[in-house]
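The structure appears right after this line, and notes come after that.
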Amino acid sequence: MNNENSYIHPLSDVKSNNIGEQTNIWQFCVIFPNASIGKNCNICANVLIENDVIIGNNVTIKSGVQLWDGVKIEDNVFIGPNVTFTNDLIPRSKCYPKQFEKTIIQTGSSIGANSTIIAGHTIGKYAFIGAGSVITKNIPPYTVWYGNPAQHKGYITQEGILLDLNFKDKEGNTHKL
């Protein structure tokens, strides 16, 4: 590890030296040698992070998440427990693509527990994905999606105020994004 201001639980297997200051990595995590994790992140128990994964600063990854090659997570992102990422659109045992699909989770986005993110898509800045959703397409910034497959259900401000499809909050005030 390249700093002494991070915490790595002794029951984790962390091979990467590219871990930012004040990042916590809890028990039973596996982190491959070429993974990159930013500053002030919280990597909860039972998380696996492969080599071609980049994680920004101030990211929270809850328990039970696997980040496969090709996933990029920008700053200030929340990944809920047991969120599933894919990286191969036609998986077969012992048959690997020449290049894995790229998935980008942009700044400030939140992905609810047990959601599935199909490879090759981008979740836009500050987007909000409800728990249990299946993402099968690119998600525009500042939008709210949930369901299987996920459908556009509203908007969200950078401050986290949920808005309906008419940009109104629960008190009926109209917002501009």
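Using a 4.5 Å heavy-atom cutoff, the side chains of V83 and I117 are in contact. Contact check for Y155 versus L177: side-chain heavy atoms found under the 4.5 Å cut-off.
Residues satisfying the ring pair (Phe, Tyr, Trp, His ring centres under 6.0 Å) criterion with W26, sequence neighbours excluded, are Y7. When the side chain to side chain contact (heavy atoms under 4.5 Å, CB included) test is applied to D169, the partners found at least two apart in sequence or on another chain are I161, L163, E171, N173, H175. Residues that satisfy the ring pair (Phe, Tyr, Trp, His ring centres under 6.0 Å) test with F100, not counting sequence neighbours, are absent from this structure. K137 is linked by a salt bridge (Lys or Arg N to Asp or Glu O under 4.0 Å) to nothing, counting only residues two or more places apart in sequence or in another chain. In this view, N82 and N114 satisfy the side chain to side chain contact (heavy atoms under 4.5 Å, CB included) rule, not counting sequence neighbours. Residues satisfying the ring pair (Phe, Tyr, Trp, His ring centres under 6.0 Å) criterion with Y126, sequence neighbours excluded, are Y142. Listed by chain and number, the residues in a side chain to side chain donor-acceptor pair (under 3.5 Å) with H152 amount to none (sequence neighbours excluded). Partners of D69 according to the salt bridge (Lys or Arg N to Asp or Glu O under 4.0 Å) rule, which considers only residues two or more places apart in sequence or in another chain, do not exist here. Residues forming a side chain to side chain contact (heavy atoms under 4.5 Å, CB included) with P81 (at least two apart in sequence, or on another chain): K62, A113. F28 pairs by the ring pair (Phe, Tyr, Trp, His ring centres under 6.0 Å) definition with nothing, not counting sequence neighbours.
Under the 3.5 Å distance criterion, the side-chain polar atoms of T136 are left unmatched by any main-chain donor or acceptor of P149. T157 contributes a side-chain N or O that, together with a main-chain N or O of E159, makes up a donor-acceptor pair within less than 3.5 Å. Of the possible polar contacts, one joining the S6 side chain to the G20 backbone as a donor-acceptor pair under 3.5 Å is found. With hydrogens and angles disregarded, no donor-acceptor distance shorter than 3.5 Å links the side chain of W145 to the backbone of G130. Between the N166 side chain and the K168 main chain, no donor and acceptor come within less than 3.5 Å of each other. Between the N51 side chain and the N34 main chain, a donor and an acceptor come within less than 3.5 Å of each other. Although no hydrogens or angles enter the test, the distance criterion places a donor-acceptor pair under 3.5 Å between the side chain of T23 and the main chain of G38. Between the Q106 side chain and the K125 main chain, a donor and an acceptor come within less than 3.5 Å of each other. The backbone N or O of A45 sits less than 3.5 Å from a side-chain atom of S63, completing a donor-acceptor pair.
The minimum heavy-atom distance linking C44 with C29 is given by the pair O-SG, 3.0 Å. Scanning all heavy atoms of the two residues, the minimum distance from E50 to N87 falls at OE1-ND2, 4.2 Å. E101 and G120 make their closest contact through CB-N, 3.8 Å (heavy atoms, listed as atom of the first residue, atom of the second, distance). The minimum heavy-atom distance linking G124 with S109 is given by the pair O-OG, 2.6 Å.
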Could you please spell out the steps behind the side-chain hydrogen bond (donor to acceptor under 3.5 Å, both in side chains) verdict for S36 and N18?
-> CA-CA 5 Å; S36 176; N18 195 9; 3.0 Å; yes
Verdict with supporting geometry, T103 and T122, side chain to side chain contact (heavy atoms under 4.5 Å, CB included) | CA-CA 6 Å; T103 299; T122 297; over 6 Å; no
Does the side chain to side chain contact (heavy atoms under 4.5 Å, CB included) test come out yes or no for I73 and I54, once each step is laid out?
-> CA-CA 6 Å; I73 298 174; I54 299 170; over 6 Å; no
Go through V59 and D75 one step at a time and tell me if the side chain to side chain contact (heavy atoms under 4.5 Å, CB included) criterion holds.
-> CA-CA 6 Å; V59 171; D75 296 343; 5.7 Å; no
Test log, rule side chain to side chain contact (heavy atoms under 4.5 Å, CB included), inputs C41 and I55 = CA-CA 9 Å; C41 293; I55 299 171; 4.2 Å; yes
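Neither V144 nor F167 shares a network with the other; the hydrophobic side chains, linked directly or stepwise wherever heavy atoms of I, L, V, M, F, W or Y lie under 4.5 Å apart, form separate groups for each. Linking Ile, Leu, Val, Met, Phe, Trp and Tyr whenever their side-chain heavy atoms come within less than 4.5 Å puts V77 and V47 in one cluster.
In this structure, F78 stands alone, with no Ile, Leu, Val, Met, Phe, Trp or Tyr side-chain heavy atom under 4.5 Å from its own, directly or through other members. When hydrophobic side chains of Ile, Leu, Val, Met, Phe, Trp and Tyr are connected at separations under 4.5 Å, I104 ends up as a singleton with no cluster partners.
Interatomic distance, CZ of F32 versus CD1 of I49, reported as 10.5 Å (0.5 Å rounding). Annotation: the span from L48 atom CG to I43 atom CD1 amounts to 11.5 Å, rounded to 0.5 Å. Going from atom CD1 of I61 over to atom CD1 of I25 covers 9.5 Å, rounded to the nearest 0.5 Å. If you take CD1 on I123 and CG on N138, they are separated by 9.0 Å, rounding to the nearest 0.5 Å. The distance from the OG atom of S133 to the CD1 atom of I135 is 5.5 Å, given to the nearest 0.5 Å. Here the CD1 atom belonging to I8 is positioned 9.5 Å from the CG atom belonging to N24, to the nearest 0.5 angstrom.
Counting only N and O atoms by type, the side chains of N57 and N40 include no donor and acceptor under 3.5 Å apart.
In this structure, K153 is positioned above the aromatic face of Y146, its NZ or CZ under 6.0 Å from the six-membered ring centre and within 45° of the axis.
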